[in-house]
Structures are given as structure tokens and as C-alpha cells.
There are 2 protein chains.
Amino acid sequence: MARPAYRWPKVPEMTIHRLSVYTRCLRELEEDGVTTISSQELAERFNLNSAQVRKDLTYFGEFGVRGIGYYVTRLRGELQKILGLDREWPVALVGFGNLGAALFHHKGFSRQGFKIVVIFDEDPAKTGREVEGTPILGMQNVGRELRARGIQIGVVAVPAEGAQAVADQLVAGGVKAILNFAPTRLRVRRDVRLQSVDLSIEFETLSFYLTRLGR
Amino acid sequence: MARPAYRWPKVPEMTIHRLSVYTRCLRELEEDGVTTISSQELAERFNLNSAQVRKDLTYFGEFGVRGIGYYVTRLRGELQKILGLDREWPVALVGFGNLGAALFHHKGFSRQGFKIVVIFDEDPAKTGREVEGTPILGMQNVGRELRARGIQIGVVAVPAEGAQAVADQLVAGGVKAILNFAPTRLRVRRDVRLQSVDLSIEFETLSFYLTRLGR
DNA sequence: TAGATTGTTAATCGATTAACAATC
DNA sequence: TAGATTGTTAATCGATTAACAATC
């Protein structure tokens, strides 16, 4: 008899975001030799409310000690486990143009466990070789190559026009999470996590606030 | 007598974001020759509620016609004006490494009025020349160069360690809006708009959801 | 024990949505 | 006029915050 699926409490999107921010901060504190920190101190670093910090954490367990605060090393470890940063994630990058290449060469992700292990590009002039040991392949056997490597994360760095087709191929190949840099809305199955970074929208937001400044 | 400053109704952050999304959609509709669209139709394209679309718009005025909907061209024009996309914004890019260079070569922003007109980098090997007519300068006279060009938008594409110093120089040079790509929290005066794109956090969010999938 | 800080409940705030009178 | 759709109000929902008993 299948046990009824356990319902996770639904964690606000913003809580995950902050968890990630806390983790980075805790790493720095640890380097500086700080051993404990209170929710109050942590909150002040990010202009947050201390209750919010505590609430964010209690979605996942009780990590603090009353009268003391949180042990930095312990909490960092717990948060990394919650965020899935205690393992390595192989990543597929699609599109090796300006942005794709920049993301590839950008160290810092691999440091944190996200490693681009294969690159796809439709341009034959770019495929068939390796960059720093990572193969650049054509788009013919995306599914097979993804599966062979057990890849669950795909990064879309192609122009808007091709992005939906690329996303479809990634999903068909078993990818469960997509980071999209194309300035277009993608549609994916509901069990695939889609995260979009839309630089046009970022610029337009700045423009909006600038326009209002003068008034 | 100085008139008391008019209080703009505070517009939710998410509304601005959606305005930007609507604008892009309206441009496409216009290209396709669509002349009118209802809040319902617009909402369906983004899995939103039609009341939300209407509410987003009414923060800024009445743009619709009862019984008809919105005239696509008219609405696109109004939204572009609201977002400040009816003018050109000169932009300064700081950091000409992988990411900085990718952003520079990424057309698509200039198409929308955001034009990188000067690049700063602290590496003397990179400075003193031009790329596609855009000068790459050292960090010695950031303020003077920014002012000379009337630049209000700065893009920070340097490593985390140097980011705060760069932001300070930009602000000192009169920049009123910063787009930050360094994975660190920056502090700026309250009258400066700071927008951060943190790719580490994007990856960690994906990782979080992937970790939960199995459970 | 006295002081500090957590985990949690209840109050507050703000954003989303349903509903509908106004009106094209 | 009948039908459609807006602009807007009021209800709902969810996230943030204040407050405090529990406890180190």
C-alpha cells in the first residue's frame, strides 16, 4: 500500500532565497572564526526582522539554542544540506555564445557544486571540440547525452527564438530544473522547476525608478 | 514656497516587473497585427488573474475602453513611457572579464535604449583601448568620466571582493541606479536604486527544489 | 537564579482576487 | 438595447512582524 505522499509545508519562495543568503553569510562568519550568532545579529546584516530569520529556519527544524543563538558551523551545515549543496550537481549548458561562454568560464559555481559537464550548441563551427575538458556537442542527441551523464539541471543561454525548443529538449532528456537566460517566457511541465533571469526586465526596472526620481 | 512633495502611490515591486512583461508581450502582439486585447487574454498568457492585470495598469492611469479592452499600440506606448523606455539611457559597465564582456557584446539591451557608453576595468592590460567604439578606462577618474557622459546607470561585473568599492565610486560619480552581478550584498545610499542578479542564489534555489523532488 | 534568545502564536500588513457597478 | 469589459471596492490570502512563554 502506497503511503499517502507526505505533504511538505509549503515554504515561501522568499524563504529559500534568504536561506541561500544566510548560508553565504555563515560561511564568511565561520572563516572569521565566529562561533555563534543570534537571529538578531544575522537579521541586522540584511535589514531583516529577527523573527523572520527564526521563522525561515523553523520551516526545516530547530537549529538554535535558547539563550545562546545558533552555532555557526552547525547551522551552515544544516542549511547546506537543506539546499542540496552537500553534493555535486552536473549541469548542461545550452548555447555557447557570449553569455554561455561567460557562464562557463565563470568559476564560482563549480566551487559550490554546480559543474557544467557538457555544452550543447547548434552551430557546427563550435561543436566537436572541448573547452577545458568539457565537450561541446551538437543538438542531435541531447536526450541521450543528458541521460548518460545523469544531468538534472540545464542552463538555457540561447536567443529568445530558440529557447522554448531547447527547453523542450532538456525536459525530454530528463532535466528537472532549468535556469533560463533567454528573454522570453518558457512553458514546462509542472514537475520541472523553471527559474528565469531576465536581464531586460532588470534594466527596465532600473529605468522605471530613474524616471520617477525626478518627479 | 516649495510645494509639499507629491506622494506617489507606492507601486508593488512585482507590478513593475509585470509591467515590463506586459510591454514585451504587447510589442509582439503589435507585430502580429493584433489591435486590441482584454485583460483576460493578457492574463492568460502569463497565468495571471485578469483583475491583477487591470490593477497593475490603474496604478498609472486609465488605459482601457469598457466593452473593448486595451488598444495594443496605445497601451504599449503608455507602458514604455511609464517604464522610461522612450529615451536612451547611457550605461557604465565596470569589469570587463568574462561576464562583463558577455554583457557588453550582448546586443538586445542597446536595442531597448540601454547603451554601454564606457567601460571601466582596473586591469591596465585591458584599458586604454576601445571595443566597438566604446572606451575601456582605468578606475582613476570614474567620477569625472561618468559626469562628463551624464551616466545614471552602472553595471557592476567585478568579483565580490571589489564590488562594494566599485559601487561607492559609481555613487560618488552621480550614478542613481546600479545593476549588481557580484555575489555579495552591496550597501548604497537610499536614493540609489540597487538591483542584484545573484547567479549563485539562482543555482542554489534550483538545487533546493531538486533535493525535495525525491522526497 | 538572572539574563538572553529561541520557537511559536497571534496581530498586522500588503498583495491578490472575486465581484460588480459603470460604461463603451 | 444587449453584450462585453473596464475600473474599483471589498474579501481573501499569505507573508511579515510583535509579543511572549519556554528554556538554555
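Just so we're on the same page: letters track the sequence lines, and every chain starts at 1.
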- Donor-acceptor under 3.5 Å (A:His105 side chain, A:Ala101 main chain):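 Yes, because the side chain of A:His105 sits within donor-acceptor range (under 3.5 Å) of the backbone of A:Ala101.
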- Intra- and interstrand pairs of DNA chain C - dot-bracket, Watson-Crick/G-U under 3.5 Å, | marks other strand: ..||||||||||||||||||||||
- Side chains of A:Thr205 and A:Glu202: is there a donor and an acceptor less than 3.5 Å apart?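 On atom types as modelled, these side chains do not qualify, holding no pair under 3.5 Å.
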- Task: Classify the side-chain pair B:Ser20/B:Arg24 by whether it contains a donor and acceptor separated by less than 3.5 Å.
- Result: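 No pair is found: no donor N or O on one side chain lies under 3.5 Å from an acceptor on the other.
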Atom-pair distance ([atom1] on [X]; [atom2] on [N]), nearest Å:
{"X": "B:Arg66", "N": "D:dA4", "atom1": "CZ", "atom2": "C1'", "result": "12 Å"}
{"X": "B:Tyr59", "N": "C:dA15", "atom1": "OH", "atom2": "P", "result": "6 Å"}
{"X": "A:Ile68", "N": "D:dC24", "atom1": "CD1", "atom2": "P", "result": "11 Å"}
{"X": "B:Ile37", "N": "D:dT5", "atom1": "CD1", "atom2": "C1'", "result": "13 Å"}
{"X": "B:Leu75", "N": "D:dT5", "atom1": "CG", "atom2": "P", "result": "16 Å"}
{"X": "A:Lys55", "N": "C:dA11", "atom1": "NZ", "atom2": "P", "result": "14 Å"}
{"X": "B:Glu13", "N": "D:dA15", "atom1": "CD", "atom2": "C1'", "result": "15 Å"}
{"X": "A:Met14", "N": "C:dA15", "atom1": "CE", "atom2": "P", "result": "13 Å"}

Hey, are [X] and [Y] close enough for a salt bridge, meaning a charged N less than 4.0 Å from a carboxylate O?
{"X": "B:Glu13", "Y": "B:Arg193", "value": "yes"}
{"X": "B:Glu145", "Y": "B:Arg149", "value": "yes"}
{"X": "B:Arg18", "Y": "B:Asp56", "value": "yes"}

- Honestly, is B:Lys55 close enough over B:Tyr59, meaning NZ or CZ under 6.0 Å from the six-membered ring centre and within 45° of the axis?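 Yes, a cation-pi geometry holds between B:Lys55 and B:Tyr59.
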Just to confirm, is there a sub-4.0 Å distance from OP1 or OP2 of [N] to any side-chain nitrogen or oxygen of [X]?
{"X": "A:Tyr70", "N": "C:dG7", "value": "yes"}
{"X": "B:Arg54", "N": "D:dG7", "value": "no"}
{"X": "B:Arg18", "N": "C:dT16", "value": "yes"}

- Query: Does anything in residues 38-53 of chain A reach DNA chain D, meaning a heavy atom under 4.0 Å, and if so which residues?
  - Reply: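 Contacting residues: A:Asn49, A:Ala51, A:Gln52.
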- Upstream residue (5' side of DNA chain D) when B:Gly64 and A:Thr15 are each assigned their closest nucleotide: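 Going by which nucleotide is closer to the 5' end, it is B:Gly64.
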- Item | Close aromatic pair by centroid cut-off 6.0 Å: A:Phe203 and B:Phe109 |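 They qualify: ring centres under 6.0 Å apart.
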- Item | Rounded distance (nearest 0.5 Å) linking atom CD of B:Gln80 with atom OG of A:Ser207 |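 Reported value, rounded in 0.5 Å steps: 10.0 Å.
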